[in-house]
Amino acid sequence: MNDFKNIYNEVYKRGNLYKINKKLNKNPLLVSSKRKNSVAILGGMLGDEGKGRIADELTADFLKNYKKVLHYRDNGGSNAGHTVEIGDVRIALHQLGAGVLQKGCTAVLGKEMVLHPEDLVAEIEESKLAIGKKKLPSTLVIDEMAFLCLDTHRAFEAVLKNKTSGSKGATGRGISPAYADVIYRNPLRIRDLVSKNWKEKFSKHYKHYQLLVKGFGYTLSSVDVPRLGKSNIKVGSLNKMLARLEESRKVIKPLVASTYNLMEKSWNSDSPVVFEKAQALGLDKRWGVYPDVTASNCGFDGIFSSTEGVVDHNNIAVKIATIKATYSSSVGSRVLPTAMKGSLAHRIREDANEYGATTKRPRDIAYIDLPMMSYLFKVGRVEYLAATHLDIAYSDIPVKVCIGYKISGKEVGYRPDQEYLNKVKPEYLELPAWDGAKTQNTNTIGDLPKEALQYLAFITQCLNVKLLVVTTGPKREQTIRWW
Ligand code: IMP
């Protein structure tokens, strides 16, 4: 807590802005000791911080100077959801990474993702429709070893949701049962979907899940499961499920490849590489608010495992975490120590449209929690910050940030455990705010209000990161860069 108070005194009493009002000395993408023009982006808190938008903009930037960019996604599946706005078109992406909408980009869905074939095909179709093209502008490649997440997994998760507390907050997309199948060494991978004897493999799988679901007192065929952009459907009989899969199999088959060599070739070339992680550090099962965490590896280390060691994440030039500048949001069953109640939470939710992109659930709003964030940034080895939603600030309401926790009057730190966090009492600082609406048309650092610059200096010092990007609204052009 004292460290944060010292930084507060330095910024707000002594006027030290830690050079936040100036651009970075060098372009960090071109640092010679790292792999040039490589960048990895993850969520710094609990998801939905706008990492897809940052990945989209960086990819677009690279494509101005380079013919090719590789965009790689390595974790999660249809639980993710982010909206990219290009001109007047809004596109919600789930399993596809942001690079998929750009010509010149090779968009890879990597080895440790869990892919739902029918939702993936629906998403490809919806994206083409939204941009008014018959084909995706990018080259989409799906790793043959990516795992499958099927209606069986969704049904099993629906059943678990009724029976166990750990699954309560889940998106219902079957993510943790799909990853559990990997641990049980029982997974179906994309290569199984495109194999000749796929029906045999999927029949076995269906029967296995029939038994599991029956064990909880339900019948697999009559469990309701969600569909992208449509109403729920029943899993139905084995034949019905196979018939649905057969349709998506036709679309997916030509996109499947082994991406190991592709990655190796790209990584050893001069072409830019953008890694876009899904979910966020605070949803990682090792570091998040357990048990309401996701099942995939949300850290940069997942890039190393998904690419099978081709990419050492320590060699990536720029490792960015994205946060919402003045508040956090959370969707699920976790209860955050800094949860915001009352009219301010309501106002932020409406102003920033804080409703889940995948499930449309209203998101909980919370004050910035520095003990949690600094823990996540440390274990996540974050080096750069992208702060989105700087426009969500009201000049008459101070920005409240939590600088420490106490239990029975004694100072304690963050622990990744809901039971523990239920006991902590947050200690806050109130910082001078600015008129967020006025930042919406600001494109240069110097035009930002003094209070916003002070706040950015404070937060970056507390998190021990360099500022790279700030966004002040949903459009591509509402972005300010520090390099
Ligand atoms: P699952 O990933 O569906 O298993 O859900 C586990 C937890 O992570 C739940 O609290 C979800 O709401 C949350 N979650 C999963 N994906 C996202 C995301 O992309 N944004 C925000 N929360 C997410």
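Values below: all heavy atoms of this structure, side chains included; hydrogens, waters and symmetry mates excluded. In each ligand, atom 1 is the first atom listed, and ligand 1 is the first ligand listed.
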Checklist line | Asp284 side chain vs Cys298 backbone, donor-acceptor pair below 3.5 Å | finding: yes

Next item on the list: Take Met263 and Val108 through the side-chain contact (heavy atoms from CB on, under 4.5 Å) test and state the conclusion after the steps.
Entry: CA-CA 9 Å; Met263 190 70 232; Val108 178; over 6 Å; no

Check: What protein heavy atom sits nearest atom 7 (C) of ligand 1, and how far away is it?
Finding: Asp292 OD1, 3.3 Å

Check: Which residue and non-hydrogen atom of the protein lie closest to atom 5 (O) of ligand 1, and at what distance in Å?
Finding: Ala170 CA, 3.4 Å

Check: Taking atom types as modelled, is there a side-chain donor on Glu112 or Ser296 under 3.5 Å from an acceptor on the other?
Finding: no

Notebook entry, point to check: Among the heavy atoms of Arg173, does any lie under 4.0 Å from an atom of ligand 1?
Noted result: no

Next item on the list: Tell me which protein heavy atom sits closest to atom 1 (P) of ligand 1, plus the residue, atom name and distance to 0.1 Å.
Entry: Thr294 OG1, 3.7 Å

Checklist line | Mode of Arg361 contact toward ligand 1 - side chain, backbone, both, neither (heavy atoms, under 4.0 Å) | finding: side chain

Item checked: Donor-acceptor side-chain pairing of Thr171 and Arg361 below 3.5 angstrom -> no

Check: Does Lys400 count as lying over the ring of Tyr367, i.e. NZ or CZ under 6.0 Å from the six-ring centre, within 45 degrees of the axis?
Finding: yes

Next item on the list: Kindly assign one of parallel, tilted or perpendicular to the pair His205 and Tyr209, based on the angle between their ring planes and the thresholds 30° and 60°.
Entry: tilted

Notebook entry, point to check: Would you say ligand 1 has an N or O under 3.5 Å from any N or O of Asp48?
Noted result: yes

Next item on the list: Within a distance under 4.0 Å of any heavy atom of Ala80, pick out the atoms of ligand 1 and give their elements.
Entry: 19 (O)

Next item on the list: Measure from atom 11 (C) of ligand 1 to every heavy atom in Gly332, Gly169, Gly81 and give the option owning the shortest one.
Entry: Gly169

Margin query: Show me which atoms of ligand 1 lie under 4.0 Å from any heavy atom of Gln279.
Written below: 15 (C), 16 (N), 17 (C), 19 (O)

Notebook entry, point to check: Can you check whether Val331 has an N/O within less than 3.5 Å of an N/O in ligand 1?
Noted result: yes

Next item on the list: Show which atoms of ligand 1 fall inside a sub-4.0 Å distance from at least one heavy-atom site of Leu46.
Entry: 21 (C), 22 (N)

Notebook entry, point to check: Any donor-acceptor pair under 3.5 Å linking the side chain of Tyr455 with the backbone of Ala325?
Noted result: yes

Next item on the list: Determine whether Asn186 and His208 make a side-chain contact, defined as any pair of heavy atoms from C-beta on separated by less than 4.5 Å.
Entry: yes

Check: Any N/O of Thr171 closer than 3.5 Å to an N/O of ligand 1?
Finding: yes

Check: Taking atom types as modelled and ignoring hydrogens, do the side chains of His71 and Glu276 form a donor-acceptor contact shorter than 3.5 angstrom?
Finding: yes

Note to self: Show the atoms of ligand 1 that are less than 4.0 angstrom away from any heavy atom in Arg334.
What the structure shows: 7 (C), 8 (O), 9 (C), 10 (O), 13 (C)

Check: Would you say the side-chain atoms of Lys133 pair up with the backbone N or O of Lys128, donor to acceptor, closer than 3.5 Å?
Finding: no

Notebook entry, point to check: Which residue owns the protein heavy atom closest to atom 6 (C) of ligand 1, what's the atom, and how far is it?
Noted result: Val293 O, 3.4 Å

Item checked: Nearest neighbour in protein (non-hydrogen) for atom 23 (C) of ligand 1 -> Leu283 CD1, 3.5 Å

Next item on the list: Give the residue and atom name of whichever protein heavy atom lies nearest to atom 18 (C) of ligand 1, and the separation in Å to one decimal.
Entry: Asn79 O, 3.9 Å

Checklist line | Heteroatom distance test (Glu157, ligand 1): nitrogen or oxygen, under 3.5 angstrom | finding: no

Next item on the list: Taking Asp143 for its side chain and Thr259 for its backbone only, find out whether a donor-acceptor pair lies under 3.5 Å.
Entry: yes

Notebook entry, point to check: At the 4.0 Å heavy-atom cut-off, does Ala295 count as touching ligand 1?
Noted result: no

